[in-house]
Amino acid sequence: MILKKTSATHCVLAMLCMMYFITYVDRVNVSTAAAVFKQELSLSNTQVGFVFSAFAYPYLVFQIVGGWFSDRFGARRTLFICGIVWAGATILTGFSTGLLSMIAARVLLGLGEGATFPAATRAMSHWTAPSQRGFAQGITHAFARIGNAITPPVVAWLMVVLTWRGSFFVLGAASFIWTIVWVIYFRDNPKDHARITQLELQALPAYADGKARRPVPWAKLTRRMLPVTLVYFCYGWTLWLFLSWIPLYFLQKYSMDLKHSAIFASGVFFAGVVGDTVGGILSDWLLKRTGSRNVARRNLVVVGMLGALLSLLPLLFVQDLVVAAISLSLGFFFAELTIGPMWAIPMDIAPEYSGTASGLMNVGSAFAAIVSPVVAGWIIDTTGNWNLPFVGSMVLMLAGAIGAFAMKPDRQLVV
């Protein structure tokens, strides 16, 4: 079935893509700005690592809280509240005067963005046909990686024009604009949307009002999602290592200027854009061809994680800029290949509680976001070796590939 490009379902997906793009710009902009505020605020690499990870503390907690809230009250209200908070936090980052105020702003950002992805998954569960879930998750996360990719050069340019503080003011204003457009356009129930067509509604699953639904079966749902959460932690370790340190990796390890390090970092992140898109499309294709969610979701995750491990190995043996750029790009491509199938799994296992289930899964990545940047900063400060942090990624990618066999996306939760 082919829908018009201007259909309501496509517009909602486009808005979610833009949200993923903006939220990732706002959470990784400090990685590029750190090249300047690190000196201005007299911070060590370990302290910068704490700035990076401060975002993740409330982000972890609000995965579950936000997922439940979006299941109970809908994605429209949840993302509106989140948008106001994360936009304000981005602007406040520009007013930071030291380590504590910088950390406080980042904590507020994590508070605002904590519920965004579970709420978006809740929206997708009603606005996306079941056969297109892998693609929807893949393309939205691809836009997140586009945000990663363009953030280094865009923030570098804004820093030249407006200073590093001004760059946060501009990015915060963009977030406010998206938030207003979202609350005006989106409706939780597709039937309530003025531009929805009968053809679109026939392809969508039935709408389940959170207020009329049964209470969340927390014990059963947590047990089913635990293996998924652990696998996603393994992925998240590598994700947050890349998002936090790749711009500084090229800047300091290869003695580049800000402009050239931003270009190399963007190249790595663009490889993730391709990985997200390919992973989502391939997952849906495999599901259609085989009818097996184990093949379409689990097996693709295994391939992605093992591919990332093998791609990063050259970093330990060859000290060359070109080899490093290719190795990191391939590693990020394969890591991101897992995103479409991973985010489809909560909708496969618990479609009625997809917001809560995806929140439980994303706790894994959120916890990795707390630990990974700090550990990497400490290793770099202690050893001066910028390649050692990637050893942890390789070990965890192997563990994730093995643990993926416990996820069982083919078995839907029975309450």
Side-chain angles (χ1 to χ4, degrees), residues 24 27-28 30-31 45-46 48-57 59-60 63 110 113-114 117 141 144-145 148 225-249 265 268-269 271-272 275-276 279 301-313 315-316 327-339 341-343 345 358 360-383 385-404 406-407:
Y24 262 86
R27 72 179 67 173
V28 304
V30 293
S31 298
N45 284 320
T46 303
V48 170
F50 276 111
V51 171
F52 292 156
S53 70
F55 156 89
Y57 292 92
Y59 184 76
L60 184 153
Q63 293 304 304
E113 292 198 3
F117 287 10
H141 282 83
R145 300 303 167 256
N148 301 153
M225 292 305 298
L226 181 59
V228 187
T229 302
L230 294 175
V231 171
Y232 207 56
F233 169 82
C234 296
Y235 156 82
W237 184 279
T238 297
L239 171 68
W240 290 101
L241 176 63
F242 272 70
L243 298 187
S244 301
W245 289 105
I246 287 298
L248 285 175
Y249 174 88
V268 172
F269 292 139
D276 281 309
V301 169
V302 172
V303 169
M305 289 189 159
L306 293 179
L309 186 162
L310 295 174
S311 297
L312 293 174
L313 274 175
L315 291 176
L316 304 182
S327 180
L328 290 169
S329 297
L330 285 174
F332 202 51
F333 166 82
F334 279 108
E336 292 302 300
L337 197 71
T338 68
I339 283 295
M342 283 299 299
W343 278 88
I345 287 173
S358 60
L360 286 167
M361 180 188 79
N362 209 23
V363 163
S365 178
F367 182 65
I370 293 173
V371 183
S372 178
V374 177
V375 171
W378 177 81
I379 290 173
I380 294 166
D381 275 341
T382 303
T383 67
N385 189 323
W386 282 82
N387 288 329
L388 277 181
F390 294 101
V391 174
S393 291
M394 298 177 207
V395 172
L396 286 172
M397 282 298 178
L398 178 60
I402 296 171
M407 294 193 300

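None of the values given here were measured: they were computed from a predicted structure. Just so you know, these numbers use all the heavy atoms, side chains as well, and skip hydrogens, waters and symmetry mates. Sequential numbering from 1 along the given sequence is applied to the chain's residues.
- Scored by the side chain to side chain donor-acceptor pair (under 3.5 Å) test, Asp276 finds no partners at all (sequence neighbours excluded).
- Heavy-atom minimum distance, Ala376 versus Leu241: CB-CD1, 3.5 Å.
- For Thr382, the side-chain contact (heavy atoms from CB on, under 4.5 Å) partners two or more places apart in sequence, or in a different chain, are Trp378.
- At distances below 3.5 Å, at least one donor-acceptor pair connects side-chain atoms of Thr229 with backbone N or O atoms of Leu360.
- Residues Tyr59 and Glu113 approach most closely at CE1-O, 3.4 Å, considering heavy atoms.
- For the atom pair CE of Met305 and CD1 of Ile402, the computed distance is 11.0 Å after rounding to the nearest 0.5 Å.
- Without hydrogens or angle criteria, Ser327 side chain to Ser311 main chain gives a donor-acceptor distance under 3.5 Å.
- Checking side-chain atoms of Asn387 against main-chain N and O of Leu315 turns up a donor-acceptor pair under 3.5 Å.
- For the pair Leu243/Tyr24, a side-chain contact is recorded, criterion being any heavy-atom separation below 4.5 Å from C-beta on.
- Considering OG1 of Thr46 and CG of Asp381, their distance stands at 3.5 Å, rounded to 0.5 Å.
- Here the two rings, on Tyr232 and Phe367, have centers that are 6.0 Å apart or farther.
- Atoms CD and NE2, on Glu336 and His141 in that order, are 8.0 Å from each other to the nearest 0.5 Å.
- To the nearest 0.5 Å, the span separating CG on Asn385 from CD1 on Ile380 amounts to 9.0 Å.
- The closest donor-acceptor contact from the side chain of Thr338 to the backbone of Ala335 lies under 3.5 Å.
- Side chain of Trp240 to backbone of Ile370: no donor-acceptor contact under 3.5 angstrom is found.
- Donor-acceptor pairing under 3.5 Å is lacking for the side chains of Ser358 and Trp343.
- Shortest non-hydrogen contact noted between Ala366 and Leu60 is CB-CA, 3.4 Å.
- Nearest approach of Gly114 to Gln63, heavy atoms of both residues: O-NE2, 2.7 Å.
- In this structure, the side chain of Ser372 engages the main chain of Trp237 through a donor-acceptor pair within 3.5 Å.
- Contact detail for Pro373 and Trp245: the closest heavy-atom pair is O-NE1, 3.1 Å.
- In this pair, Trp386 and Tyr249 present their aromatic rings perpendicular. The plane angle is above 60°, beyond the 30 to 60° band.
- Here the shortest heavy-atom pairing between Ser244 and Phe52 reads O-CE1, 3.2 Å.
- The side-chain heavy atoms of Met407 and Leu230, taken from C-beta on, include no pair separated by under 4.5 Å.
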Side-chain donor-acceptor pairs under 3.5 Å in residues 390-399, sequence neighbours left out?
residue : atom : partner : partner atom : Å
Ser393  : OG   : Thr238  : OG1          : 3.1

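- Distance check: Leu388 CG to Ile379 CD1 gives 6.5 Å after rounding to the nearest 0.5 Å.
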